[in-house]
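Working notes for the structure below.
Lettering of chains follows the sequences in order, A, B, ..., and the numbering in each one begins at 1.
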Protein chains: 2
Amino acid sequence: MTDPSAPSPAPTPPARTRREQIHEVASRLFSQRGYHGASMRDLAAELGMQGGSLYAHISGKEALLIEIVEQAARQFEGALMDLQTDPRPADERLREAMARHLTVVAGNLESATVFFHEWKHLSPEAYARVTAWRDTTEAFYRDLVAGGVREGVFRADLDVKMTANLILSAVNWAYTWYRPGGRLSPREVADRYAGLLLDGLRPPPKEATP
Amino acid sequence: MTDPSAPSPAPTPPARTRREQIHEVASRLFSQRGYHGASMRDLAAELGMQGGSLYAHISGKEALLIEIVEQAARQFEGALMDLQTDPRPADERLREAMARHLTVVAGNLESATVFFHEWKHLSPEAYARVTAWRDTTEAFYRDLVAGGVREGVFRADLDVKMTANLILSAVNWAYTWYRPGGRLSPREVADRYAGLLLDGLRPPPKEATP
DNA sequence: CCTACCGATCGGTAGG
DNA sequence: CCTACCGATCGGTAGG
């Protein structure tokens with residue numbers, strides 16, 4: 001990691017790194033085996049330590065789950081929320097939001113899987129925080145759709161809630177099938193999905209030539 | 001359940017009922033707490049028996065998971081597969097497939113949740129069977145989309161795989177938000193989703209009036 | 001970060 | 001379907 005010919009201006013703090021390693025391996029194990037199916041001894045073994053040694057770095061198993069899930073929630077939030085003040089028309093904002101959302105999912109498949117599957121095992125307080133984050137994301141997409149209707153970029157007769165549900169389905173469900181190194185980048189998936197949603201499956205109407 | 005004024009022509013076999021009760025409660029517990037988070041003693045307690053007594057009815061915990069997951073898979077298959085020979089145009093077939101798919105999800109929220117979350121805990125043989133079922137469903141939607149393109153009902157430039165992914169996202173993700181007794185029936189959700197997918201979010205082009 | 005250990009709980013079985 | 005039990009494993013701690 002360190003180039004011996006160069007000075008090392010900012011030595012990496014090692015304590016932080018170890019915690020991050022634990023988080024990373026825990027994300028993988030929780031996503032593969034589920035929260036209850038992955039044991040602290042499994043986790044320790046993957047890091048080359050004994051089970052009890054983990055507790056020098058973390059306070060417990062649930063704290064690990066909380067941090068993984070809340071970090072994922074913060075990433076979704078950080079990717080989307082500044083789009084609320086974006087001046088572009090709603091169709092462009094939709095394309096951009098889907099691209100960012102899919103980029104977070106695709107770039108964090110393991111913690112996204114933990115976020116979607118294991119959040120129900122959180123203690124009531126953390127559970128409530130995650131529920132609030134989910135509601136915020138849903139409201140973001142509903143507002144985007146409603147804004148598009150107001151702008152005249154979207155149909156006036158849209159069911160705003162169902163439209164937001166459909167968009168969320170597309171970007172969230174990607175955690176089940178998207179694999180890095182596949183045919184399409186997250187942005188390409190977003191472009192195709194947004195194109196389908198905006199223009200629909202039907203062929204464009206022919207020029208009126210009776 | 002039995003009308004005392006009427007003769008009972010086919011007495012219900014009680015052994016089958018007990019197994020079905022176990023399946024039903026297991027679906028709920030597995031969906032709420034996850035496969036590894038739900039214990040056999042939890043399950044027995046909900047049925048008013050001791051942990052060991054379950055094994056008079058079932059062979060083990062994993063057999064229970066296999067049966068729940070495979071029953072769900074069979075329901076999806078049974079709902080969709082006869083549509084392959086349906087003579088209607090692809091847009092109508094799409095609407096019907098989504099309605100049936102959503103009806104299975106909405107009518108079996110617990111086992112659908114187990115199907116989507118816990119199948120990764122199956123033994124290799126059952127895992128392979130479920131994977132094959134998933135592939136069949138994906139192929140069904142890809143064929144439907146490709147058929148629509150051939151018929152001229154869908155745009156010629158569709159990305160068939162991504163279109164099928166988008167449809168599957170819509171109908172599968174419903175397990176996370178659909179609740180019985182909500183605003184819309186599964187069929188109404190399907191109608192709205194199919195309408196959005198077919199016609200898109202953009203307003204219809206005005207009649208050419210220059 | 002390790003050794004050694006705690007009480008609790010796990011899936012499952014024997015014998016009735 | 002129950003009682004009583006099996007060995008294994010769980011999350012976590014004490015003391016170094």
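Distance A/Met49 CE to C/dT3 C1': 16 Å, rounded to the nearest Å. One can place CZ of A/Arg19 at 13 Å from P of C/dC1, the figure rounded to the nearest angstrom. In this structure, A/Leu43 places its CG atom 12 Å from P of C/dC1, rounding to the nearest Å. Distance, B/Gln50 CD to D/dC1 P: 11 Å, rounded to whole Å.
Between A/Phe115 and A/Tyr175, a ring centre-to-centre spacing not shorter than 6.0 Å is recorded. Centroid-to-centroid, the aromatic rings of A/Phe116 and A/Trp173 stay 6.0 Å apart or farther.
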Detail all sub-3.5 Å separations between protein N/O atoms and N/O atoms belonging to nucleotides 7-11 of chain C.
residue, atom, partner, partner atom, Å
C/dC10, OP1, B/Ser39, OG, 3.3
C/dG11, OP1, B/Lys61, NZ, 2.7
C/dG11, OP2, B/Met40, N, 2.8
C/dG11, N7, B/Arg41, NH1, 2.8
C/dG11, O6, B/Arg41, NH2, 2.9

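Identified under the side chain to side chain donor-acceptor pair (under 3.5 Å) test for residues 137-150 of chain A, with sequence neighbours left out: A/His101-A/Tyr141.
Inspection of the B/Gln71 and B/Arg74 side chains reveals no N or O donor paired with an N or O acceptor under 3.5 Å. Remark: the B/Thr136 side chain and the B/Glu77 side chain contain no N/O donor-acceptor pair separated by less than 3.5 Å.
With a 4.5 Å cut-off on side-chain heavy atoms, B/Tyr178 and B/Leu102 do not count as touching. Side-chain contact between A/Leu201 and B/Leu94 is present, with heavy atoms from C-beta onward closer than 4.5 Å.
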Dot-bracket summary - DNA chain D, pairs being Watson-Crick or G-U whose distances fall under 3.5 Å, with | when paired to another strand: ||||||||||||||||
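Atom-to-atom distance recorded for B/His121:NE2 and B/Tyr127:OH is 10.5 Å, nearest 0.5 angstrom.
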